[in-house]
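Read the structure below first, then the notes.
Just so we're clear, the structure is a prediction, and the values are computed from it rather than from any experiment. When reading the values below, keep in mind they use all heavy atoms of this one structure, side chains included, and skip hydrogens, waters and symmetry mates.
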Amino acid sequence: MPRRKMHVTDADGSPLRAALRRLREDTGVTEQFPADALAEAEQAARRPRLPAYDATELPLFTIDPPGSMDLDQAMFLERRDGGGFRVHYAIADVAAFVRPGQALDAEAHRRVVTLYYPDGRVPLHPDVLGEGAASLLPDHSRPALLWRFDLDADGRVEGTDLRRALVRSRARLDFAAVQAAVDSGRAEEPLALLREIGMRREALERARGGVSLNVPEQEIVRRGGHYALAYRTPLPADGWNAQISLMTGMAAADLMLRAGTGILRTLPAAPEGAVDRLRRVARALGVTWPENMPYAVVIRALDPSHTQHAAFLQECTALLRGAGYTVFDRERPTERPLPADPGHAALAAPYAHCTAPLRRLVDRYTGELCLAAAAGTDPPEWVRAALDALPGEMEAGARRAGQVERECVDLVEAALLRDRIGQVFDAYVVDVRRDRPTAGTVHLYEPAVIGHIEGDGDGPPLPLGHRMRVRVIEADPGRDKVWFAPA
């Protein structure tokens, strides 16, 4: 999912909207699906493969942003007799609709991930599935992969069960409503337990040395002839919900590692140069980072509602670069051995993507591998046959999504400043080019825009980590990125 979330509310005829439409066309992946893939999706929506096990008595609920229709996960939480908790977590069963080797499957392999734009999305699957028959919408029975976790009083997993099941969500909730219900004390126990379990899982994450980035969502609006930027600060409920998904991803990794065949999401430790750069950014933004304090501790002390902290959290996503997918297969130990280091550096534990199959290709395969591991059987041959290509496919899809994200950022920031050419802003210098110290990167105090700065080649070096006044010299959505010059 996108590292830098954005949402835009603006008129359809604006320069920003037009530039976003051109960007969609340039990626070569559009909302329209090939006719044969769409026909398969429509047929599968009418006749999915349904599981024998019926779990529709579980009063599951979903938590997603308002208006979301592609609902991958639903949960039900309860206390265990004698202490601890039980988590039921249903994941949409995309394999119940998509047949291996057919047109819809081929199109999913071409798209790889859902692409997100400030004004919409280009989905991985046709909406008849992704927002319809495969989505865990309330009051509809759906095929799912149903996880069950037994946790101790501290939130540690003591037992795991996974099977295909027919499920039925009872309610579609959003994060603000969940937060309000929990804060007011009105939340019934299944929902109130999300806070208890989430906070215990967050404590375990801290103890492991892991960290979750609560990156604010940027909203771009048009006010009085100018674009403006505002942040949506993540709520505690966002983090509690994320902990359930992370717990599932770690359980999936454990299942596959014990079975000897699987695909992990891995991330090496950040190189020293990247950490050094982040320290410079911290100084520039006034973020306290004592010399001997670990990165994870610094992140947890930040307040996403604070403008400088929000900007720093955006910069911290750079340390997630280098993540990839690692395949291993017990039947091919020489070619695909168990990884020497199966860990994910940000989570401080082995981890797998498995909770978003409506929006990410690899999760369909991870789910099948976990089902086989839980049952003690061999994975389906179509899954094993896809393992060699999956890391490369996911890398290409992530690269495309990253390019879309970067270009969307450029477009939105240019839209913010297109009518303010020549105006002067206060900024931090967050990076200076080694080969040309009069050029680098600045981050405005307000609005939270990051742009290139180019000074006179004979002028003084940029003051890394310090404030300076800068003038907007270029900003045109779809034509020029934001560029500044010293004022």
Side-chain angles (χ1 to χ4, degrees), residues 1-8 20-21 23-34 37-38 40-41 44-45 62-74 91-98 103-137 142 145 172 174 215 217-218 238 241-242 245 249 263 265 317 320 323 325 352-367 390-409 411-412:
M1 303 312 102
R3 291 185 299 272
R4 187 170 186 174
K5 300 177 182 177
M6 287 190 173
H7 176 66
V8 64
L20 287 169
R21 281 195 294 271
L23 177 57
R24 277 179 171 79
E25 295 167 1
D26 291 343
T27 63
V29 181
T30 64
E31 291 94 333
Q32 290 75 35
F33 282 78
L38 188 57
E40 282 183 21
T62 60
I63 308 175
D64 291 274
S68 295
M69 295 291 288
D70 51 345
L71 310 184
D72 288 288
Q73 314 109 14
I91 307 299
D93 186 2
V94 174
F97 299 89
V98 179
L104 183 58
D105 182 40
E107 182 64 13
H109 279 264
R110 189 177 77 86
R111 293 175 177 244
V112 184
V113 295
T114 293
L115 298 178
Y116 291 92
Y117 296 82
D119 60 344
R121 53 189 260 290
V122 174
L124 174 60
H125 301 102
D127 285 345
V128 69
L129 295 181
E131 294 193 342
S135 177
L136 302 183
L137 296 165
R142 296 287 192 251
L145 276 60
R172 178 171 57 180
D174 63 66
V215 181
E217 180 174 347
Q218 292 177 299
D238 292 69
N241 182 69
S245 178
I263 180 166
R265 181 62 166 167
T317 62
L320 300 179
Y325 293 90
H353 276 157
C354 65
T355 62
L358 294 177
R359 293 168 284 163
R360 194 169 48 209
L361 174 67
V362 72
D363 297 48
R364 171 159 49 111
Y365 290 87
T366 308
L390 267 175
E393 290 174 317
M394 291 306 301
E395 182 180 344
R399 191 164 51 245
R400 184 191 301 123
Q403 179 184 352
V404 166
E405 182 181 312
R406 287 191 299 273
E407 294 192 22
C408 285
V409 169
L411 287 174
V412 169

Exercise. Applying side chain to side chain donor-acceptor pair (under 3.5 Å), name anything that partners Glu25, two or more places apart in sequence or on another chain.
Key: none
Quiz item: So which heavy atom on Ala352 is nearest to which on Ile263, and how close?
Solution: CB-O, 3.8 Å
Quiz item: Minimum heavy-atom separation for His125 to Gly130, with atom names?
Solution: CB-N, 4.4 Å
Quiz item: Say you draw a straight line from CE of Met394 to NE2 of His109; how long is it, rounded to the nearest 0.5 Å?
Solution: 10.5 Å
Quiz item: Rounded to the nearest 0.5 Å, what separation is found between the CG atom of Leu115 and the SG atom of Cys408?
Solution: 9.0 Å
Quiz item: So do Leu104 and Pro126 actually touch side chain to side chain, heavy atoms under 4.5 Å?
Solution: yes
Quiz item: If you take all heavy atoms of Ala134 and Ala92, which pair is closest and at what distance?
Solution: O-CB, 3.4 Å
Quiz item: Got a second to check how far Asp93's CG is from Leu145's CG, nearest 0.5 Å?
Solution: 5.0 Å
Quiz item: Can you list the residues that meet the side chain to side chain donor-acceptor pair (under 3.5 Å) rule with Asp363, with sequence neighbours excluded?
Solution: Arg360
Exercise. Report the C-alpha separation of Val404 and Tyr116 in whole Å, then their side-chain angles, then the decisive distance to 0.1 Å, and conclude whether the side chain to side chain contact (heavy atoms under 4.5 Å, CB included) test is met.
Key: CA-CA 8 Å; Val404 166; Tyr116 291 92; over 6 Å; no
Exercise. Find the distance between CG (Asp105) and CZ (Phe97) and round it off to the nearest 0.5 Å.
Key: 15.0 Å
Exercise. Grab the two heavy atoms, one from Gly249 and one from Cys354, that are nearest each other, plus how far apart they are.
Key: CA-SG, 3.9 Å
Self-check item: Set of residues satisfying side chain to side chain donor-acceptor pair (under 3.5 Å) with respect to Arg142, sequence neighbours excluded
Solution: none
Which pairs would a plain distance check flag for residues 67-74, meaning a side-chain donor or acceptor within less than 3.5 Å of a matching protein atom at least two apart in sequence or in another chain?
{"from": "Ser68", "atom 1": "OG", "to": "Pro65", "atom 2": "O", "distance (Å)": "3.0"}
{"from": "Asp72", "atom 1": "OD1", "to": "Leu358", "atom 2": "N", "distance (Å)": "2.7"}
{"from": "Asp72", "atom 1": "OD2", "to": "Arg359", "atom 2": "NE", "distance (Å)": "2.5"}
{"from": "Asp72", "atom 1": "OD2", "to": "Arg359", "atom 2": "NH2", "distance (Å)": "2.6"}
{"from": "Gln73", "atom 1": "NE2", "to": "Thr355", "atom 2": "O", "distance (Å)": "2.6"}

Quiz item: For Leu23, does its backbone N or O pair with a side-chain atom of Glu407 as donor and acceptor, under 3.5 Å?
Solution: no
Quiz item: Can you name the salt bridge (Lys or Arg N to Asp or Glu O under 4.0 Å) partners of Glu107, sequence neighbours left out?
Solution: Arg110, Arg111
Quiz item: Just by modelled atom types, is the Arg24 backbone N or O under 3.5 Å from a matching donor or acceptor in the Thr27 side chain?
Solution: yes
Quiz prompt | Listed partners of Arg265 passing side chain to side chain donor-acceptor pair (under 3.5 Å), at least two apart | solution = none
Self-check item: Interatomic spacing from CD1 in Ile91 to CG in Leu136 - rounded to 0.5 Å
Solution: 8.0 Å
Quiz item: Please walk me through it: do Asn241 and Asp64 pass side chain to side chain contact (heavy atoms under 4.5 Å, CB included)?
Solution: CA-CA 9 Å; Asn241 182 69; Asp64 291 274; over 6 Å; no
Quiz item: Which is it for Tyr325 and Val362 under the side chain to side chain contact (heavy atoms under 4.5 Å, CB included) test, yes or no, and what are the steps along the way?
Solution: CA-CA 9 Å; Tyr325 293 90; Val362 72; 3.8 Å; yes
Quiz item: Do you know the tightest heavy-atom contact between Glu131 and Leu137?
Solution: O-CD1, 3.6 Å
